[in-house]
Amino acid sequence: MLNLYDKPFASRLMIGSALYPSPKIMQDAIRASGADIVTVSLRRESGGGKTGDAFWSLVRELDVAVLPNTAGCRSVREAVTTAKLARELFGTSWIKLEVIADNDTLQPDVVGLVEAASTLIKDGFEVFPYCTEDLSVAMRLVDAGCRIVMPWAAPIGSAKGIINRGALKLLRDRLPDITLVVDAGLGAPSHAAEALELGYDAVLLNTAIAKAADPVAMAGAFRLAVEAGRTAFEAGLMGARDFASPSTPVIGTPFWHAVS
């Protein structure tokens, strides 16, 4: 069971609500994913009157928890303001906090991120910060009061998968009591499975499902991969070895031989 700010969830897959070919495909894909949590962008969903209301109705029909995000915000002030508007609109203290530094890589502004997280936590928010895989940044977010940290696997939408496995493993080892969610850069179900095998508590993705040739089928594939990765982690993966080890022992065991 996944616990996020003392709320239990059955699924370890969180899913985004953007980029789908149609609203129906979005709903079908989210259902196929088994996800209990859906991220929504305040800028896209609430800015258009009837359009925003229609989208919000579609999300409510899914009976999932909503995680608003501050996607596109490039300053602390902008992110904090957007978070407050999201709390009013969606009726939740949850916020996926993004403060972006670079337009090409969408890399987080880690200095601004820590500042914004501190401000929002003091105002009663439960923050899900999107950050890089840097340990010092994660530790500062935890010190600010974040009980969840969401490092990227790779830049948003790149589909490269985990590009710095060692850094993500270090985060898991050094922050054993913090909920860690791999967010961004996953492109294949195998990438999600790898994150769960590393001991990460969940993954969050959007583009890899929404932009697939068949988003609904891909959502189902990610669901299975997340379940397999977590099961493998809990079962205990064997460690890698430098040399071969026979699966069938030959020393000290009887064997048959021909007798003339």
Side-chain angles (χ1 to χ4, degrees), residues 2-7 9 14-19 35-49 51-53 55-60 62 64-103 105-132 134 137-152 155-157 178-184 201-207:
L2 175 66
N3 282 284
L4 303 174
Y5 288 109
D6 301 321
K7 297 177 183 178
F9 297 92
M14 306 180 202
I15 190 170
S17 57
L19 305 176
D36 298 317
I37 299 168
V38 173
T39 61
V40 296
S41 170
L42 176 68
R43 290 164 177 263
R44 184 170 61 87
E45 314 314 350
S46 65
T51 301
D53 291 341
F55 177 86
W56 187 215
S57 295
L58 291 173
V59 173
R60 283 198 298 265
L62 294 167
V64 293
V66 171
L67 176 59
N69 66 39
T70 62
C73 291
R74 287 172 169 76
S75 71
V76 172
R77 180 177 180 180
E78 188 179 13
V80 169
T81 299
T82 301
K84 291 179 178 180
L85 290 171
R87 179 168 60 182
E88 182 177 345
L89 177 66
F90 297 110
T92 178
S93 61
W94 281 13
I95 192 70
K96 183 191 170 197
L97 181 60
E98 300 181 27
V99 183
I100 300 303
D102 180 73
N103 290 335
T105 65
L106 299 181
Q107 180 167 324
D109 172 357
V110 294
V111 176
L113 180 68
V114 174
E115 181 182 344
S118 300
T119 299
L120 291 171
I121 288 168
K122 290 175 184 176
D123 194 27
F125 281 89
E126 294 173 314
V127 177
F128 295 64
Y130 162 63
C131 60
T132 61
D134 186 275
V137 173
M139 293 176 69
R140 289 180 181 276
L141 289 166
V142 171
D143 289 343
C146 295
R147 292 162 57 188
I148 295 169
V149 176
M150 305 177 72
W152 69 1
I156 294 173
I178 299 299
T179 299
L180 296 178
V181 180
V182 169
D183 175 17
D201 297 283
V203 296
L204 192 159
L205 59 126
N206 187 175
T207 310

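We use all heavy atoms of the structure for the numbers below, so side chains are in, but hydrogens, waters and symmetry mates are not.
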Verdict with reasoning, R74 to N103, per side-chain contact (heavy atoms from CB on, under 4.5 Å): CA-CA 9 Å; R74 287 172 169 76; N103 290 335; 2.7 Å; yes
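- At a threshold of 4.5 Å between non-hydrogen side-chain atoms, the residues M14 and V203 do not count as touching.
- Judged purely by atom type and a 3.5 angstrom limit, N69 has no side-chain atom pairing as donor or acceptor with the backbone of I95.
- Qualifying side-chain hydrogen bond (donor to acceptor under 3.5 Å, both in side chains) partners for D143, counting only residues two or more places apart in sequence or in other chains: none.
- Atoms SG and OH, on C146 and Y5 in that order, are 5.0 Å from each other to the nearest 0.5 Å.
- Two residues are said to be in side-chain contact when any heavy atoms from C-beta on lie closer than 4.5 Å; V66 and T39 fail this criterion.
- With sequence neighbours left out, A184 forms a side chain to side chain contact (heavy atoms under 4.5 Å, CB included) with Y130, W152, I156.
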Stepwise side-chain contact (heavy atoms from CB on, under 4.5 Å) check, V40 with L67: CA-CA 6 Å; V40 296; L67 176 59; over 6 Å; no
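- Taken to the nearest 0.5 Å, the OG1 atom of T179 stands 6.5 Å off from the CG atom of L2.
- In terms of the side chain to side chain contact (heavy atoms under 4.5 Å, CB included) criterion, residue partners of A79 (sequence neighbours excluded) are, by chain and number, T70, C73, L97, V99.
- Looking at heavy atoms from C-beta onward, C131 lies in side-chain contact with L141 at the 4.5 angstrom threshold.
- Partners of S93 under the side-chain hydrogen bond (donor to acceptor under 3.5 Å, both in side chains) rule, at least two apart in sequence or in another chain, are E126.
- At a threshold of 4.5 Å between non-hydrogen side-chain atoms, the residues I148 and V127 do not count as touching.
- Looking at L205 and I15, their side chains never come closer than 4.5 Å, going by heavy atoms from C-beta outward.
- The two residues N206 and S17 have their closest heavy-atom pair at OD1-N, 3.8 Å.
- Evaluation of the side chain to side chain contact (heavy atoms under 4.5 Å, CB included) rule for A101 yields D109 as partners, not counting sequence neighbours.
- Partners of T92 according to the side-chain hydrogen bond (donor to acceptor under 3.5 Å, both in side chains) rule, which considers only residues two or more places apart in sequence or in another chain, do not exist here.
- In this view, D201 and R172 satisfy the salt bridge (Lys or Arg N to Asp or Glu O under 4.0 Å) rule, not counting sequence neighbours.
- Put simply, the side chain of R147 never gets that close to the backbone of G145: no donor and acceptor are under 3.5 Å apart.
- Residues V80 and K84 meet the side-chain proximity criterion, which asks for heavy atoms closer than 4.5 Å.
- F9 is linked by a ring pair (Phe, Tyr, Trp, His ring centres under 6.0 Å) to W94, counting only residues two or more places apart in sequence or in another chain.
- The side chain to side chain contact (heavy atoms under 4.5 Å, CB included) test applied to L62 returns Q27, I30, R31, V64, not counting sequence neighbours.
- At a threshold of 4.5 Å between non-hydrogen side-chain atoms, the residues M150 and V182 do not count as touching.
- Counting heavy atoms from C-beta on, the side chains of D183 and K96 come closer than 4.5 Å.
- Residues passing the side-chain hydrogen bond (donor to acceptor under 3.5 Å, both in side chains) test with R87, sequence neighbours excluded: D123.
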